[in-house]
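Residues: numbered from 1 along the sequence shown. Note that the coordinates shown come from a computational prediction; the quantities given were computed from them, not determined experimentally.
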Amino acid sequence: MAMLLVLFVWPLLRVVGTSFTGNGVTLANYRALVTDPTYAIVLVYTFRVSLVVTLLCLLLAYPVAWVISSLRGHWLHLCLGLVLVPFWTSTVIRTYAWLVVFQRRGALNDVLLSLGLISSPLRLVNDGVGMQVAMVHIMLPFMVLPVLSAMWGLDNTLLRAASLLGANPLRQFWHVHLPLTMPGLSAGCVLVFIMSLGFFITPALLGGQHIMVAVLIQQQASRLLNWPMASAVSSVLLVVTCVLYIGYDHLSRRASGADLLGAGR
C-alpha cells in the first residue's frame, strides 16, 4: 500500500493538480478542452478508433476462442502458444513490422502491384487503416483470453439439454452459449476499449495526421511544454477510464445478482 501511494497515487494527484494551474488556480485548461474544436476532434476520433478496434477484436476473438475451447492435447497447447506468442514480442517491434508491411513501397503494396490488383500504391499508413489493423493485432490476445476462459467454464450439459428440448444449433448458441459467455465478452471488451483509449506507440507511428489522445498528451508535454494542458487531457482520460470500469463493475454485479436470484427461484 505504501508503494502504491508513493509511486502511483501521489503522481496521479500531482497530474490532476497540475491541470488546474496556469495563471493561478484556473479551469482554463478544461474550458479549452470543451470550447476548442481541435481537442474535441481528437477525443471523438480516439473513442471511434477504440470502439472499432474493440468490435473487430470481438468478431475475430469469439470464433478463435470457440475453436480453441474445443481442442485437446497437443493442438490445444499449440493454439494457446500462438495466442500467447505476441506477448513475447515488444509492441514497438510489432508496430514497426506493420509499418514495413503497410508503407507505400512495403510488402503488401508490392504484392498487390505485382498481381495487377492495383495500379498505384495504397496509402495505408497515414489514413488510420494501418493503425487500426495493427491495434487489432496487438489487442486481440486480450480479447481471446477472457472469452476463452468463459468458454472453458461453460457446462456442456446445458447445450445437450437444449438440443434434447428441440433447440437447433443457432438457438443453442443464441439462448445458451452466448449468454453464458457474456461475462468473458464484456470483460474482454472493457479491457480492449480502455487499453485502446490510452494507446500510444502504434498511433504515433502509424496514425499520421489523425492523432489520438495519448499522442496529443505527448505533444503537449514534450513539444509544446504545456504541462497544464497535458495534465488536463490526462485527467479527462483517467476519469473516463474510471467511469467505464465502475460502470462495467456495476453491471457485472447486477448480472451476477440477477443470476443468483434466478437460481434461487
Side-chain angles (χ1 to χ4, degrees), residues 44 46-87 132-199 237-265:
V44 171
T46 301
F47 276 92
R48 181 167 64 85
V49 169
S50 301
L51 182 60
V52 171
V53 170
T54 303
L55 292 178
L56 290 176
C57 286
L58 177 61
L59 293 176
L60 293 173
Y62 201 91
V64 170
W66 181 79
V67 171
I68 295 177
S69 66
S70 63
L71 298 177
R72 296 293 183 272
H74 296 295
W75 286 108
L76 174 61
H77 298 154
L78 175 62
C79 291
L80 281 178
L82 293 176
V83 172
L84 296 175
V85 159
F87 290 113
Q132 294 179 33
V133 172
M135 289 180 65
V136 169
H137 168 245
I138 294 171
M139 293 296 179
L140 192 57
F142 295 99
M143 181 71 75
V144 171
L145 294 178
V147 176
L148 182 60
S149 177
M151 289 184 179
W152 274 339
L154 181 64
D155 188 357
N156 291 325
T157 58
L158 298 175
L159 296 175
R160 291 196 292 269
S163 178
L164 293 174
L165 292 173
N168 56 36
L170 180 60
R171 295 193 65 185
Q172 293 177 35
F173 170 78
W174 190 256
H175 294 284
V176 180
H177 194 277
L178 183 61
L180 291 177
T181 56
M182 192 59 67
L185 283 175
S186 58
C189 288
V190 171
L191 181 62
V192 171
F193 186 78
I194 289 177
M195 293 180 65
S196 298
L197 286 177
F199 221 66
L237 189 61
L238 175 64
V239 170
V240 171
T241 303
C242 292
V243 169
L244 288 174
Y245 177 76
I246 292 172
Y248 163 73
D249 184 67
H250 178 69
L251 292 177
S252 61
R253 289 178 184 273
R254 288 188 59 183
S256 300
D259 292 341
L260 292 175
L261 182 59
R265 290 178 179 177

Is it true that Y248 and F193 have ring centroids separated by less than 6.0 Å?
no
Kindly give the heavy-atom pair with the smallest separation between A61 and V144, and that separation in Å.
CB-CG2, 3.6 Å
Please report the shortest heavy-atom distance between R160 and T157, naming the atom on each side.
NH2-CG2, 2.9 Å
Going through the checks in order, is the side chain to side chain contact (heavy atoms under 4.5 Å, CB included) test met by F47 and V240?
CA-CA 11 Å; F47 276 92; V240 171; 3.5 Å; yes
Nearest 0.5 Å, please: how far is NE2 in H77 from NE2 in H74?
8.0 Å
If I take atom SG from residue C57 and atom CG from residue L191, how far apart are they, to the nearest 0.5 angstrom?
10.0 Å
CG of L244 to OG of S50: how many Å apart, nearest 0.5 Å?
9.5 Å
Which residue is it: V52, L60, L55? I am looking for the one with a side-chain contact (heavy atoms from CB on, under 4.5 Å) to V136.
L60
In this structure, CG of L185 is separated from CE of M151 (nearest 0.5 Å) by 7.0 Å
Calculate, to the nearest 0.5 Å, the distance between atoms CG and NE2 belonging to L56 and H137 respectively.
14.0 Å
Can you tell if the side chain of L84 reaches within under 4.5 Å of the side chain of P141, non-hydrogen atoms only?
no
Flag side-chain contact, heavy atom, 4.5 Å: M195 against V192
no
Under the criterion side chain to side chain contact (heavy atoms under 4.5 Å, CB included), I'd like the reasoning laid out for C79 against V67: C-alpha separation, chi angles, the key distance, then a yes or no.
CA-CA 9 Å; C79 291; V67 171; 5.9 Å; no
So, S149 side chain and L145 main chain: donor-acceptor pair closer than 3.5 Å or not?
no
Is the shortest side-chain heavy-atom distance between T54 and M143 below 4.5 Å?
yes
Taking atom CG of L238 and atom CG of L197, what is their separation to the nearest 0.5 Å?
11.5 Å
Would the distance check show the side chain of Q172 and the main-chain N or O of A162 forming a donor-acceptor pair, the cut-off being under 3.5 Å?
no
For the student: nearest non-hydrogen atoms of A187 and P146, plus distance
CB-CB, 4.4 Å
From L82, L78, L148, residue fulfilling side-chain contact (heavy atoms from CB on, under 4.5 Å) relative to I68
L148
Please test W66 against V147 for side chain to side chain contact (heavy atoms under 4.5 Å, CB included), starting from the C-alpha separation and ending with a verdict.
CA-CA 8 Å; W66 181 79; V147 176; over 6 Å; no
